[in-house]
Amino acid sequence: MTIDSVRGAPGSGELADSELVQLLTPEGERVDHPDYPLDITAEEVRGLYRDLVTVRRIDLEAVALTRQGELGIWASLLGQEAAQIGSGRALTGNDMVFPTYREHAVAYCRNVEPLKLLGLFRGVNHGGWDPKEHGFHLYTIVIGSQTLHATGYAMGIQRDGVLGSDKAGATIAYFGDGATSQGDVNESFVFASVFNAPVVFFCQNNQWAISEPLEKQSRIPLYKRAQGFGFPGVRVDGNDVLACLAVTRKSLAHARDGQGPTLIEAYTYRMGAHTTTDDPTRYRLKAEEEAWKAKDPIERVKKYLVKEGEADQAFFDEVEAEAKKMATELRKACLALPDPEPLAIFEHAYAEPHPLLTEEQEQFAAYLASFEEEGTAR
């Protein structure tokens, strides 16, 4: 068997079914998996559908705001909603998330206000939310560094002596397929394995690291890399919200019980650009995008609900109307965000006063005051 027969031809998005954990097919058919059973009610599935539609609408609004010059940049999650909602809804209050800069849906699951995300990309705050309050750390721009933070935090949980109890928590680190080539990620794998840390590594393999295709990152499926570090790896259909929920829930439970780390490869596709500064038409084919549209994470849940008679058109219309209303309100709130005072940049640089920072703050304050003096003189 050749490598390409296992992982699919470069850019094809195809792979052997035996490798993929899937509970809901693109046609909306519910299937079982012996290792990842999922007992879920129709009401809970409708809730997941509402989540998926809502976060996609928020994402589209943010892209539009960026195109209109209201945000500096935006990293779209289009196509990756199921991976993020499924894994996000598997979290408990004791868990801690270490995201990249694209985990808007996970932030939504952790009750981080979407406006605070927009404020970050508008340049009016430094994150805007309390990581401890939400169990969700600030966005990380440096590729892969959050995996080290997640591993270190997990080792701290381990040393608290709470694993295996109802107070146990775990960490989950999100990153993309391109980040797996970073030294930080591989170093975090070493530490997590050797110390049996309660961490879940959640790789959203969206096929493209900006313009670099997956085959330039690895010659084997990414989830198999975990074997070399001595802990389990699993590949899940990243467009299947039920499978992502079940796999992440089990992996987190194992971590909280003291069974160590797991690498989850959510096999999905980035339908949009890497960020709003990127042009994917320069490096990938339209046919590839069209093939993945048939696997849309929202449509498959909708098909399932319709086939099972668990939702009617009135429900879908209601969800769409709610999402549209939220987006309208979000837009208005974003445009109304005030610019911060210039000196506010110094407020949260350090936990305590720092001589050098104090000196720089005083110099900057004098610089700002000079403009007022100049205006008075005139």
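Every value quoted in this text rests on a predicted model; they were computed, and no experiment measured them.
Looking at Arg57 and Glu61, a side-chain N of the basic residue comes within less than 4.0 Å of a carboxylate O on the acidic one, giving a salt bridge. Of the charged side-chain nitrogens involved, at least one lies within less than 4.0 Å of a carboxylate oxygen, so that Glu212 and Lys216 count as a salt-bridged pair. Taking a cutoff of 4.0 Å between a charged side-chain nitrogen and a carboxylate oxygen, Lys303 and Glu27 do not qualify as a salt bridge. Under the 4.0 Å criterion applied to side-chain N and carboxylate O atoms, Arg50 and Glu322 are assigned as salt-bridge partners. Ion pairing between a basic and an acidic side chain is recognised when a charged N comes within 4.0 Å of a carboxylate O; Glu265 and Lys224 show no such pairing.
Side-chain atoms of Gln182 and Asn186 form no donor-acceptor pair, as typed in the model, at a separation below 3.5 Å. Between the side chains of Thr147 and Ser188, at least one donor N or O sits under 3.5 Å from an acceptor N or O.
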query: Hey, mind stepping through Arg89 and Glu44 against side-chain contact (heavy atoms from CB on, under 4.5 Å) and telling me if it holds?
result: CA-CA 11 Å; Arg89 289 305 184 195; Glu44 289 171 328; over 6 Å; no
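Relative to the six-membered ring of Tyr269, Lys295 misses at least one condition, a distance below 6.0 Å or an angle of at most 45° to the axis.
Between Asn239 and Arg300 the shortest side-chain heavy-atom distance falls below 4.5 Å. In this structure, the side chains of Ile172 and Val199 stay at 4.5 Å or more apart for every pair of heavy atoms. When side chains are defined from C-beta on, Phe175 counts as touching Thr180, because their heavy atoms get closer than 4.5 Å.
The backbone N or O of Gly169 lies less than 3.5 Å from no partner atom in the side chain of Asp95, so there is not a single donor-acceptor pair.
Aromatic rings of Phe316 and Tyr49 (six-membered ring for Trp) have centroids within the 6.0 Å cut-off, being under it.
One hydrophobic cluster, built from ILVMFWY side chains closer than 4.5 Å, cannot hold both Leu263 and Tyr267; they sit in different ones.
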